[in-house]
Amino acid sequence: MPMNNTPMLELPLPNRFSFDENLRYLSRSANECMFHIENGRIYKRIPALPHSPLVEISGDREDTLVIRYLDPTLPQSDLLNDAVIRYVRDWFDLDTDLEPFYHMTAADPLLCKVADEFYGLRIIGIPDLFEALCWGIMGQQINLTFAYTLKRRFVEAFGDREEYKGVSHWLFPEPQRIAELSTGDLTCLQLTGKKSEYMIGVARLMAEGSLSKQSLVQAGDLAAVEKQLVKIRGIGPWTANYVIMRCLRMPAAFPIDDVGLHNAIKHVLELDHKPSIARIRELSMPWGEWKAYATFYLWRCLY
């Protein structure tokens, strides 16, 4: 339940946003370990130094997200509040104007129904680059259920835990810690040897400073960022576009080889077979710079 005596932030919401629809998306796996949902409220630790506070996020007020710090003794500062607000805005993609997307979907035979069914859904992001890359690597060629199991094992083995009312709340492991591990430290979690090598390799690049979110953002357009990412061992076009979509927030990112996307298109169009890549390219031509959102809404059909 909300804590009326705790510090609170209010975050105005943009048009075309539904807290309930985003909450339904966030509730898709009972095995999620990076946040906890109870009674229509989200409980999450925000990686905002130096405190990484646990907050409650609710949509009780129309057109406003309410963010409550759950530690009433937490020292308040503009620096901390700004960091928390930036993270939540990024997580829910609140700075994107979806009017052009909805205008496009209204005339698109593939997207019009899903855009209406999941109205107000945002691309729920992964603001931390290391978390986004690890999640992308873990999810390669396995089902979503097992990917969540791997993430939980990884986070519980190497992340930072805080307990609140009997529930553990985690921060994703720091790349500096993972950089010091051996592959055996990860394969015992049932990660494959290759994925273990890839994740440790990414961690070392980030720990030494040769890979960062800022450097990727400064690379410029989507093609330039994808080119940088696919140079990294274990990062192919699918993982690169997934990270560009959910972490770097480039709306034209398009993981066209994604099996889930293929199955979603098959489902929506009631096909008896999955569409070819050529057919998907044809279908996606009207999407323009909204391929990431189109993909995310189509994925939503599957769970």
Side-chain angles (χ1 to χ4, degrees), residues 26 28-36 43-54 87 91 124-164 166-216 228-248 255 258-259:
L26 289 169
R28 72 195 188 283
S29 173
N31 206 22
E32 176 61 65
C33 61
M34 297 306 299
F35 53 86
H36 173 68
Y43 298 86
K44 179 172 176 60
R45 288 183 71 189
I46 304 294
L49 296 175
H51 301 292
S52 297
L54 175 63
Y87 187 95
W91 192 28
I124 302 297
I126 307 175
D128 178 73
L129 177 63
F130 184 56
E131 181 181 346
L133 286 164
C134 286
W135 184 227
I137 291 169
M138 287 181 199
Q140 292 171 359
Q141 298 181 323
I142 61 173
N143 64 55
L144 194 61
T145 300
F146 188 48
Y148 273 109
T149 298
L150 291 178
K151 183 172 73 168
R152 176 174 286 278
R153 291 173 182 169
F154 179 69
V155 170
E156 292 180 349
F158 305 109
D160 182 75
R161 182 175 74 94
E162 176 183 316
E163 189 165 309
Y164 178 78
V167 177
S168 294
H169 299 272
W170 295 90
L171 290 178
F172 200 79
E174 294 285 343
Q176 291 80 1
R177 182 172 187 188
I178 306 306
E180 298 173 352
L181 301 180
S182 68
T183 55
D185 295 318
L186 298 186
T187 55
C188 66
L189 306 177
Q190 282 193 289
L191 281 155
T192 66
K194 290 295 185 185
K195 289 184 181 181
S196 301
E197 291 173 9
Y198 300 157
M199 289 168 62
I200 292 171
V202 167
R204 289 174 178 169
L205 290 174
M206 295 195 68
E208 69 189 24
S210 57
L211 173 64
S212 69
K213 186 173 181 177
Q214 182 180 6
S215 67
L216 291 174
Q228 284 199 24
L229 284 172
V230 297
K231 289 179 181 178
I232 301 168
R233 187 165 176 257
I235 307 297
W238 177 86
T239 305
N241 275 273
Y242 184 85
V243 170
I244 293 168
M245 170 183 175
R246 295 198 64 188
C247 181
L248 303 180
D258 183 77
V259 173

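Index from 1, following the sequence. Note that these values count all heavy atoms, side chains included, but never hydrogens, waters or copies made by symmetry.
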Hey, can you tell me if His169 and His36 have their rings parallel, tilted or perpendicular (30° and 60° cut-offs)?
perpendicular

Report the distance from atom OG of Ser196 to atom CG of Leu181, rounding to the nearest 0.5 Å.
9.5 Å

Gln140 side chain to Thr239 side chain, donor-acceptor N/O pair below 3.5 angstrom
yes

Spacing of Trp135 atom CH2 and Ile126 atom CD1 [to the nearest 0.5 Å]:
7.5 Å

Please list all pairs meeting salt bridge (charged side-chain N to carboxylate O under 4.0 Å, His left out) that have one or both residues in residues 136-150, counting only residues at least two apart or in different chains.
none

Regarding Trp238 and Asp258, do their side chains bring together a donor and an acceptor under 3.5 Å, going by distance alone?
yes

Below 4.5 Å, heavy atoms only, C-beta onward: do Val155 and Pro173 meet side chain to side chain?
yes

Please say whether the positively charged group of Lys44, taken as NZ for Lys or CZ for Arg, lies over the ring of Trp91, i.e. under 6.0 angstrom from the six-membered ring centre and within 45 degrees of the axis.
yes

Rounded to the nearest 0.5 angstrom, the CG-CE distance for Leu133 and Met138 is 11.0 Å

Would you say the side chain of Leu211 lies within less than 4.5 Å of the side chain of Leu129, judging by non-hydrogen atoms?
yes

Is the number of heavy atoms from other residues, nucleotides or ligands within 6.0 Å of CD (Gln214) greater than 12?
no

Lys/Arg-Asp/Glu bridge criterion (N-O < 4.0 Å) met for Asp128, Lys213
no

Lys/Arg-Asp/Glu bridge criterion (N-O < 4.0 Å) met for Glu32, Arg152
no

Do any N or O atoms from the side chain of Arg204 and from the backbone of Ala179 form a donor-acceptor pair under 3.5 angstrom?
yes

Interatomic distance, Phe130 atom CZ to Met199 atom CE [nearest 0.5 angstrom]:
6.0 Å

Donor on one side chain, acceptor on other, Ser168 and Arg161, under 3.5 Å
yes

d(Tyr43 OH, Leu54 CG) to nearest 0.5 Å is 9.0 Å

Using 30° and 60° as the class boundaries, would you call the ring planes of Phe154 and Phe172 parallel, tilted or perpendicular?
tilted

Flag, side chain of Arg153 to backbone of Gln190, donor-acceptor distance under 3.5 Å:
no

Can you confirm whether the side chains of Glu208 and Ser210 place a donor and an acceptor under 3.5 Å from each other?
yes

Is there a donor-acceptor contact under 3.5 Å linking the side chains of Arg28 and Tyr148?
yes

Side-chain heavy-atom pair Met206, Ser212 within 4.5 angstrom cut-off:
no

